[in-house]
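Since the model is a prediction, treat every value here as computed from it, not as a measurement.
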Amino acid sequence: GSLIVTGVVFTLGDYSRWRHAELDNYGLGPKEKEHWQAARPLDELYQNLKMGIRLRYPGDWEIKEKGEAVTIAQKNGEVAIKITTQTTNESMTEIANRMAVGVTKDREHIKGQDETPIILLTWNREGEIVQKALAGREKKLVILEVRCKSEDWNKWTLTITEIYKSLAVF
């Protein structure tokens with residue numbers, strides 16, 4: 001009898017600790033976000049008619065167009081986003097499945113302007129975070145490739161996400 005009472009007491013104690021651990025931060029999202037810095041204001045607009053893209057970016061970042069690619073970079077070089085486009089007959093899911101080899105974070109899905117679907121693939125490679133955002137409309141695929149030192153990622157991740165969300169593909 002005393003064994004059953006002891007078991008019930010421990011079970012209730014475990015349940016109480018679990019409930020607090022699960023519900024104390026309910027709705028606040030994963031703990032990884034608690035060290036992220038707020039997004040920088042996106043006060044500049046970039047549009048490239050040839051590539052068929054438009055997005056917003058922080059005013060203290062620089063734009064460099066080189067060949068078929070555009071790079072938007074923070075002036076100190078802490079983070080850079082290289083943008084390329086291509087024509088494809090594959091779906092974004094097929095392309096993401098092919099590219100996702102070795103990802104170190106679960107695939108994420110967000111929406112850009114006009115509900116443009118964006119798939120995020122993330123790798124942590126030797127102290128550097130590489131993230132590719134795949135966005136598409138009809139047969140056009142836009143790839144935004146971000147490179148950032150691992151120690152700077154928390155500083156820039158919300159700004160990068162807001163840049164993705166500002167993307168319009170036309």
Side-chain angles (χ1 to χ4, degrees), residues 29-30 32-33 35-170:
E32 69 179 14
K33 294 182 180 182
H35 299 293
W36 291 359
Q37 288 188 11
R40 304 284 197 287
L42 305 182
D43 41 17
E44 296 291 330
L45 179 67
Y46 174 76
Q47 180 169 298
N48 186 311
L49 297 176
K50 184 178 176 186
M51 294 176 82
I53 62 166
R54 179 178 56 247
L55 55 78
R56 300 192 76 73
Y57 65 97
D60 61 345
W61 288 27
E62 300 174 327
I63 299 272
K64 293 180 184 169
E65 295 179 345
K66 185 176 180 182
E68 300 294 314
V70 174
T71 302
I72 301 173
Q74 192 268 341
K75 288 183 181 177
N76 294 340
E78 289 182 11
V79 63
I81 304 172
K82 180 180 177 183
I83 306 168
T84 56
T85 60
Q86 63 188 49
T87 303
T88 183
N89 290 322
E90 289 181 287
S91 72
M92 277 186 21
T93 302
E94 291 170 328
I95 294 166
N97 288 342
R98 186 170 32 83
M99 293 176 77
V101 175
V103 295
T104 54
K105 186 175 178 186
D106 288 341
R107 187 177 303 192
E108 296 176 72
H109 298 266
I110 60 173
K111 300 260 187 210
Q113 294 296 306
D114 302 323
E115 297 296 306
T116 300
I118 301 173
I119 299 173
L120 302 180
L121 304 172
T122 308
W123 297 264
N124 191 340
R125 297 181 176 155
E126 299 172 11
E128 180 181 52
I129 300 291
V130 177
Q131 186 174 71
K132 292 187 180 185
L134 311 176
R137 183 175 296 300
E138 296 161 9
K139 293 184 181 269
K140 179 185 291 186
L141 174 68
V142 179
I143 302 173
L144 293 86
E145 181 177 314
V146 176
R147 292 189 173 269
C148 181
K149 291 180 183 172
S150 296
E151 64 263 18
D152 294 331
W153 183 248
N154 291 342
K155 181 177 178 181
W156 296 109
T157 191
L158 292 177
T159 301
I160 292 164
T161 301
E162 290 305 311
I163 292 170
Y164 294 155
K165 289 178 180 179
S166 77
L167 176 67
V169 180
F170 50 90

In short, side-chain hydrogen bond (donor to acceptor under 3.5 Å, both in side chains) pairs touching residues 161-170 with sequence neighbours left out are Gln131-Tyr164
field: Thr104 (side chain) donor-acceptor with Asn124 (main chain) under 3.5 angstrom
entry: yes
Report task. Indicate yes or no: does Lys149 engage Glu78 in a salt bridge with an N to O separation below 4.0 Å. Result -> no
Electrostatic pair Glu44-Arg56, nearest N-O below 4.0 angstrom | no
Residue pairs passing the salt bridge (Lys or Arg N to Asp or Glu O under 4.0 Å) test with at least one member in residues 91-102, sequence neighbours excluded, are Glu90-Arg98
Tightest non-hydrogen contact, residues Ala96 and Leu121, listed as O-CD1, 3.9 Å
Between the CG atom in Leu144 and the CD1 atom in Ile81, the distance rounded to the nearest 0.5 Å is 6.5 Å
Scanning both residues in full, the closest heavy-atom pair of Thr71 with Ala80 reads CG2-CB, 4.3 Å
Margin query: Could you check whether any side-chain N or O of Trp123 sits under 3.5 Å from a backbone N or O of Val101, counting only pairs where one atom can act as donor and the other as acceptor?
Written below: yes
(message) Under the criterion side chain to side chain contact (heavy atoms under 4.5 Å, CB included), I'd like the reasoning laid out for Ile95 against Leu134: C-alpha separation, chi angles, the key distance, then a yes or no.
(response) CA-CA 9 Å; Ile95 294 166; Leu134 311 176; 4.1 Å; yes
Residues Arg54, Leu45; criterion side chain to side chain contact (heavy atoms under 4.5 Å, CB included); working and verdict
CA-CA 7 Å; Arg54 179 178 56 247; Leu45 179 67; 3.5 Å; yes
Practice problem: In plain terms, say whether Glu108 and Lys105 are close enough for a salt bridge, that is, a side-chain N and a carboxylate O under 4.0 Å apart. | Solution: yes
Do side-chain atoms of Asn48 reach the backbone of Lys50 as a donor and acceptor pair under 3.5 angstrom?
-> yes
* **More than 12 heavy atoms from other groups under 6.0 Å of CD on Glu62** => yes
Count the heavy atoms belonging to other residues, nucleotides or ligands that lie under 6.0 Å from CG of Asp43, then report whether that count exceeds 12. yes
Requested in this report: For residues Lys66 and Lys82, determine if any side-chain heavy atom of one lies less than 4.5 Å from a side-chain heavy atom of the other.
Outcome: no
Minimal heavy-atom distance between Leu167 and Ala135, with the atoms involved, is CD2-CB, 3.6 Å
For Ala39 and Thr159, the nearest pair of non-hydrogen atoms, with its separation, is CA-OG1, 3.4 Å
Distance col, row Ser91:OG vs Ile119:CD1, nearest 0.5 angstrom, shows 7.5 Å
Side-chain contact, heavy-atom cut-off 4.5 Å: Val142 with Thr116? no
Sorted by chain and number, sequence neighbours left out, side-chain hydrogen bond (donor to acceptor under 3.5 Å, both in side chains) with Asn97 holds for Arg107
Scanning both residues in full, the closest heavy-atom pair of Glu151 with Gly127 reads OE1-O, 4.5 Å
Checking Asp106, Ile129, Val130 against Thr122 for side chain to side chain contact (heavy atoms under 4.5 Å, CB included), the one that qualifies is Ile129
- Query: Between Lys132 and Glu145, is there a side-chain N and carboxylate O pair less than 4.0 Å apart?
  - Reply: yes
So the ring-ring contact (aromatic ring centres under 6.0 Å, His included) pairs with at least one residue in residues 45-98 (sequence neighbours excluded) are Trp61-Trp156
Practice item. Could you please spell out the steps behind the side chain to side chain contact (heavy atoms under 4.5 Å, CB included) verdict for Ile163 and Leu42? Key: CA-CA 7 Å; Ile163 292 170; Leu42 305 182; 3.8 Å; yes
Item checked: Side-chain heavy atoms of Ile160 within contact of Val79, under 4.5 Å -> yes
ring-ring contact (aromatic ring centres under 6.0 Å, His included) pairs touching residues 70-97, sequence neighbours excluded, are none
Sorted by chain and number, sequence neighbours left out, side-chain hydrogen bond (donor to acceptor under 3.5 Å, both in side chains) with Gln113 holds for none
- Val70 and Ile53: side chain to side chain contact (heavy atoms under 4.5 Å, CB included), yes or no, with the steps? CA-CA 11 Å; Val70 174; Ile53 62 166; 5.6 Å; no
Exam field: side chain Lys140 to backbone Met51, donor-acceptor pair closer than 3.5 Å
yes
